[in-house]
Amino acid sequence: VLLECWGVTQGRLPDEWIGIVRSAMVSAGPDIRELHCRDRIFQISILPLCESTSVLIFAYEITELMETQKLLKQSETLFRLAFRTNPDPFVITRLSDGVVYVNEAFVRNTGYSRDEVIGHSTNELNIWNNPEDRLAVVTQLQRSGFVSNMPATYVLKSGALIEVLLSASTVFLGGIPHILSVIRDITGLKKATDLLLQSEERYRAIFHNTGTATILFGDDGVILMCNANFAALAGCDAQAIIGMKSWQDFVHPDDFSRMQ
């Protein structure tokens, strides 16, 4: 197959390859070429013999290797694209010399430039507001190799604090262990949740201390909440009312038409 692809006829190489062999003999060094034949790829190595007019020619089929390298390159391209364009900050660190790569989101969200973080550990950058958070991440990584949505507080370059959820895993790049971290800023979500909880607490305080018998019921009429005033008026414990009784259970049938 190789001889056919090479164009060998009657034991003679084609003129193009004769020229390549002569060039290798003049340079007295090895010459490595690729030969593409149909859907196959061969690597041709031409090695001139010392003090001789002869050469050694080695041929290896590298079709599968080239396909693997092509797929690997595509995979790396997709990874870099996903890494670079992800809206969440991505960080790759190496235990020996700290941060080796950050994406645009990290630069945008933290205020640090790439030059300020590459080659430095997160400890040196004072990113961790609570050293215990970093210790917890390292411990979890050592135990299981990954961390999922661990809450932490980060310090930005400006000194401002943000609440984050950190996910990380240990990966081997070039045979060397690295830590790949994804940082999701939940500061706004946490503030909104805190405000909602505060609002609910205020509502509950008003609901239970209004001084008037008050209930809250769903679309099916079942009572979801009642205050102490209503329980006292009904003459039973609140636990026997909530989720157990409908508002209709406390209304005389003659009043249904004007209550609905």
Side-chain angles (χ1 to χ4, degrees), residues 68-205 224-225:
T68 301
Q69 290 178 342
K70 181 180 178 181
L71 291 174
L72 179 61
K73 186 175 181 179
Q74 291 175 348
S75 178
E76 289 176 347
T77 300
L78 290 173
F79 174 78
R80 287 183 179 276
L81 180 62
F83 188 87
R84 186 171 59 249
T85 60
N86 196 292
D88 290 327
F90 268 62
V91 185
I92 297 179
T93 57
R94 191 163 47 206
L95 295 178
S96 59
D97 53 3
V99 178
V100 296
Y101 196 87
V102 296
N103 66 349
E104 290 292 338
F106 182 91
V107 173
R108 184 172 59 252
N109 289 14
T110 65
Y112 286 102
S113 68
R114 281 192 173 87
D115 291 339
E116 289 175 313
V117 298
I118 301 298
H120 298 279
S121 69
T122 53
N123 270 346
E124 292 175 325
L125 297 170
N126 293 318
I127 286 179
W128 299 93
N129 185 54
N130 302 313
E132 295 82 4
D133 291 342
R134 178 183 178 277
L135 181 60
V137 170
V138 172
T139 301
Q140 183 66 23
L141 282 173
Q142 291 174 339
R143 182 183 299 120
S144 62
F146 69 93
V147 171
S148 180
N149 289 330
M150 182 172 288
T153 303
Y154 267 26
V155 183
L156 305 182
K157 182 180 179 180
S158 65
L161 302 180
I162 60 171
E163 300 296 325
V164 303
L165 290 178
L166 176 68
S167 296
S169 61
T170 302
V171 296
F172 283 84
L173 303 176
I176 300 173
H178 292 66
I179 298 175
L180 171 62
S181 304
V182 184
I183 305 158
R184 173 155 295 182
D185 185 355
I186 59 167
T187 307
L189 176 62
K190 193 171 185 302
K191 286 182 177 178
T193 302
D194 290 343
L195 288 174
L196 179 60
L197 290 175
Q198 292 174 10
S199 176
E200 289 180 349
E201 289 174 359
R202 286 195 297 268
Y203 171 78
R204 286 181 180 276
L224 304 176
M225 291 177 61

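All values reported here derive from a predicted model rather than from experimental measurement. Index from 1, following the sequence.
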Side-chain touch [X]/[Y], heavy atoms, less than 4.5 angstrom:
X    : Y    : value
L135 : T139 : yes
V155 : L161 : yes
W128 : N123 : yes
V99  : V91  : yes
R94  : I176 : yes
L166 : S181 : yes

Can you check whether [Y]'s main-chain N or O pairs, donor with acceptor, with [X]'s side chain at less than 3.5 Å?
X    : Y    : value
Y154 : I183 : no
E116 : S113 : yes
N103 : F106 : yes

Counting only heavy atoms from other residues, nucleotides and ligands, does the tally under 6.0 Å from CZ of R114 exceed 12?
yes
Residue set satisfying salt bridge (Lys or Arg N to Asp or Glu O under 4.0 Å) with E124, at least two apart, ordered chain then number -> none
V100 and I118: side chain to side chain contact (heavy atoms under 4.5 Å, CB included), yes or no, with the steps?
CA-CA 5 Å; V100 296; I118 301 298; 5.7 Å; no
Is there a side chain to side chain contact (heavy atoms under 4.5 Å, CB included) between L180 and L173? Walk through the geometry before answering.
CA-CA 10 Å; L180 171 62; L173 303 176; over 6 Å; no
Interatomic spacing from [atom1] in [X] to [atom2] in [Y] - rounded to 0.5 Å:
X    : Y    : atom1 : atom2 : answer
L141 : M150 : CG    : CE    : 8.0 Å
S169 : H178 : OG    : NE2   : 12.5 Å
L156 : I162 : CG    : CD1   : 4.5 Å

Check this for me: does any side-chain nitrogen of one of E163 and R184 sit under 4.0 Å from a carboxylate oxygen of the other?
no
Minimum heavy-atom distance P89-A105, with the two atoms named:
N-CB, 3.7 Å
Any side-chain hydrogen bond (donor to acceptor under 3.5 Å, both in side chains) pairs touching residues 187-203, not counting sequence neighbours?
D185-T187
Given V117, which of I127, V102, T110 fulfils the side-chain contact (heavy atoms from CB on, under 4.5 Å) condition?
V102
